[in-house]
Amino acid sequence: MTVRTRFAPSPTGFLHIGGARTALFSWAYARRHGGTFILRIEDTDVARSTPEAVQAILDGMQWLGLTHDEGPFYQMQRMDRYRQVIAEMLEAGTAYRCYMSREELDLLRAEQEARKEKPRYDGRWRPEAGKTLPAPPAGVAPAIRFRNPKDGVVGWQDQVKGRIEFANAELDDFVIARADGTPTYNFCVVVDDRDMDITHVIRGDDHVNNTPRQINLLQALGAPVPQYAHLSMILGDDGQKLSKRHGAVSVMQYEEDGYLPEAVLNYLARLGWSHGDEEVFGMEQFVKWFDLDHITASAAQFNTEKLNWLNAHYLKLADPQRLAAEASRRLAAQGVAVDGGPDVADVAVLYRDRVSNLNELADAIHPFFVAVVPTAELVAQHLTEAARKGLKALSDRLAGCTWQAADLGQAVKQTAAESGLKMPQLAIPLRIVLLGQPQSPSIDAVLEVMGRERVLARLAREIPV
RNA sequence: GUCCCUAUCGUCUAGAGGCCUAGGACAAUACCCUUUCACGGUAUGAACCGGGGUUCGAAUCCCCGUGGGGACGCCA
């Protein structure tokens with residue numbers, strides 16, 4: 001049997017971190033077993049679904065490289081199929097028409113809650129042997145309800161949580177089609193999972209309570225029951241539940257914040273799943289290792305610091321041209337052009353191990369392209385008379401120096417010695433003049449990458465001849 | 001209220017009855033490297049929710065509490 005998994009988001013917002021991890025695990029499981037990964041858009045909530053949200057989900061998955069093999073399928077385009085199945089169920093007696101009005105339903109619920117009971121449909125329109133149903137009220141369009149088994153238990157071996165069982169008595173006859181004829185979530189999922197031959201349903205554990213209903217429905221349809229794996233949720237950095245109001249952000253926000261997709265992927269893979277002590281690995285390795293047995297059953301708290309660490313790690317490994325492209329794009333967004341300046345890739349390599357994201361990288365290399373005026377405080381503190389003299393001497397020496405790190409370093413050293421300055425007493429003022437700040441990578445590398453022309457021009461501006 | 005899930009360092013986790021004096025990673029702290037700042041390296045501190053069982057032996061199995069989460073829609 002070939003493995004078929006699916007990711008089935010509802011397009012009511014962006015792809016957030018929890019959804020991304022669900023997609024990642026579903027994708028990885030299919031890849032691991034040479035199976036098929038299907039994307040299905042559950043857009044039956046017409047009021048809340050938008051094409052923008054569909055696009056946002058597609059963008060997020062593309063950024064992460066989670067490519068699907070089939071789909072995207074849209075539930076709204078499968079209405080005919082759902083209606084057909086509903087008709088079959090009505091025919092077979094596994095579903096029935098319910099003429100109860102909203103008002104009656106609300107009343108029933110209120111009574112049950114007053115009695116501290118679990119609110120549920122009381123089955124008043126459920127056909128039963130020897131039971132006489134009331135006459136259907138005129139002009140009322142019925143909802144269609146599933147005839148759920150009354151006794152016994154529904155259970156399954158959850159691939160992450162173990163055996164889970166529900167008493168059928170806890171479940172009521174839920175609506176599978178609204179009065180206006182549109183099918184509901186639990187019904188569409190079941191029809192789709194069957195039609196698409198889904199073998200493994202990997203989804204958030206907020207669906208645990210839907211699973212017994214879906215299994216009963218599947219069985220009423222005579223369809224095979226897939227394996228289920230329910231992933232626990234991801235909590236925010238503060239341990240609080242993620243919600244639109246609180247902390248939930250689009251995965252595309254991570255791209256905007258300067259994260260590399262491979263870092264986000266590695267982080268997510270390790271959040272709620274483990275392979276011994278392995279912490280750093282790429283997707284190829286992940287796919288080889290991934291299994292359902294090592295998924296954590298409890299909720300996990302998101303930890304931005306660890307993500308930052310991974311991102312810094314992948315930044316050190318990234319192709320310099322890629323860093324250059326990303327940093328240039330970010331500088332351009334700030335109105336900074338890199339054309340005519342030093343080689344962006346060279347500068348980026350100088351700073352890649354000092355930053356933890358691409359925005360920091362762009363900020364760090366910024367002064368190479370636009371002269372930064374040092375603060376008066378820095379100038380007052382470091383550009384002493386002696387330092388200025390030293391810089392002047394250095395400027396003269398640099399004009400005729402071979403432009404290579406080793407020689408440049410030598411030039412700075414000699415100038416310092418001849419001017420009676422200690423290395424930092426010359427190098428720090430030099431950094432301030434060149435970059436506007438007292439810290440930088442090693443000074444010889446900075447000089448080499450910045451280029452003679454630019455270095456001399458900046459020195460001349462601060463140290464008039 | 002009822003049902004369901006869950007519980008190891010601050011955080012992510014390893015752990016399938018003896019390998020656990022509980023391991024790794026992030027974060028923290030200290031030191032080393034570096035005539036700057038980082039990176040890097042080394043080291044240190046830091047946890048089995050509580051109570052009962054089962055067993056020669058429990059972080060691991062069972063029960064009861066407690067904490068956290070979810071679900072009870074003609075939402076998905």
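Every chain is numbered from 1, with letters handed out A, B, ... down the list of sequences. Since this is a predicted model, take the numbers as computed values, not measurements.
- Across all strands, A/R120 comes closer than 4.0 Å to no nucleic acid atom at all (heavy-atom distances).
- Nearest to the side-chain atoms of A/T184 among the listed nucleotides B/rC5, B/rG24, B/rA76 stands B/rA76.
- Toward the 5′ end of RNA chain B lies the nearest nucleotide of A/I164, the other residue of the pair A/D206 and A/I164 mapping further downstream.
- To the nearest angstrom, P of B/rA14 lies 13 Å from CD of A/E278.
- Side-chain atoms of A/E279 lie closest to B/rA25 of the nucleotides B/rG70, B/rA25, B/rG1.
- Residues A/F7 and A/F37 place their aromatic rings such that the two centres sit no closer than 6.0 Å.
- The same atom, P, is picked in B/rG67 and in B/rC56; the two are 35 Å apart, to the nearest Å.
- The side chain of A/R109 contributes an N or O atom lying less than 4.0 Å from OP1 or OP2 of B/rC74.
- A/A297 comes within 4.0 angstrom of the backbone, heavy atoms only, and of no base.
- A straight line from CZ of A/F146 to C1' of B/rG73 spans 18 Å, rounded to a whole angstrom.
- Taking the six-membered ring wherever Trp is involved, the centroid distance between the rings of A/Y185 and A/H207 falls below 6.0 Å.
- In a base pair of the Watson-Crick type (N1 to N3 plus N6-O4 or O6-N4) or a G-U wobble (N1-O2 and O6-N3), with each distance short of 3.5 Å, B/rA25 is matched with B/rU11.
- Of the side-chain N and O atoms in A/T12, none sit less than 4.0 angstrom from OP1 or OP2 of B/rA76.
- In this model, the phosphate group of B/rU13 is approached by a side-chain N or O of A/T296 to a distance below 4.0 Å at OP1 or OP2.
- Contact check on A/R147 versus A/D173 returns no salt bridge, with no Lys/Arg side-chain nitrogen under 4.0 Å from an Asp/Glu carboxylate oxygen.
- Within the 4.0 angstrom heavy-atom criterion, base atoms lie near A/P441.
- Using a 4.0 Å heavy-atom cutoff across all strands shown, A/K161 reaches sugar-phosphate atoms only and no base atom.
- Look at the P atom in both B/rA22 and B/rA16: the space between them is 16 Å, to the nearest Å.
- Judged by atom type and distance alone, A/N209 reaches the base of B/rG70 through a side-chain donor-acceptor pair under 3.5 Å.
- Ring pair A/Y29/A/H200: centre-to-centre distance below 6.0 Å.
- B/rA38 atom P lies 12 Å from atom CZ of A/R431, rounded to whole Å.
- Counting any heavy atom pair closer than 4.0 Å across all strands shown, A/K316 reaches sugar-phosphate atoms only and no base atom.
- Both distances falling under 3.5 Å, in either a Watson-Crick or a G-U wobble arrangement, occur for no nucleotide opposite B/rA38.
- For A/I428, taking side-chain heavy atoms from C-beta onward, the closest of the listed nucleotides B/rG73, B/rU36, B/rA25 is B/rU36.
- Using a 4.0 Å heavy-atom criterion, one finds that A/E113 contacts no nucleic acid atom at all.
- Residue-level contact check: A/S442 touches the bases, meaning some heavy atom is under 4.0 Å from a base atom.
- Nucleic acid contact class of A/F166 (heavy atoms, under 4.0 Å, all strands): sugar-phosphate only.
- Of the side-chain N and O atoms in A/S274, one or more sit less than 4.0 angstrom from OP1 or OP2 of B/rA14.
- Salt-bridge formation is not detected for the pair A/D172/A/K118: no Lys NZ or Arg NE/NH1/NH2 atom is positioned less than 4.0 Å from an Asp or Glu carboxylate oxygen.
- In this structure B/rA71 sits in a base pair with B/rU2, meeting the Watson-Crick or G-U test at under 3.5 Å.
- Phosphate proximity of B/rC75 to A/R178: present, with a side-chain N or O under 4.0 Å from OP1 or OP2.
- Counting atom types as modelled, A/N210 pairs a side-chain N or O with a base atom of B/rA76 as donor and acceptor under 3.5 Å.
- Note on A/L105: a base of the nucleic acid sits closer than 4.0 angstrom, heavy atoms only.
- Among the atoms of the strands shown, none is found under 4.0 Å from any heavy atom of A/G239.
- Nearest nucleotide to the side chain of A/A300, out of B/rU36, B/rA76, B/rC12: B/rC12.
- A ring-centre distance under 6.0 Å is not found for A/Y259 and A/Y267.
- Base pairing analysis places B/rA16 opposite nothing; no Watson-Crick or G-U wobble pair with both distances below 3.5 Å involves it.
- Between A/H294 and A/W273, the ring center distance fails the sub-6.0 Å criterion.
- Side-chain atoms of A/D45 lie closest to B/rC75 of the nucleotides B/rG73, B/rC75, B/rU6.
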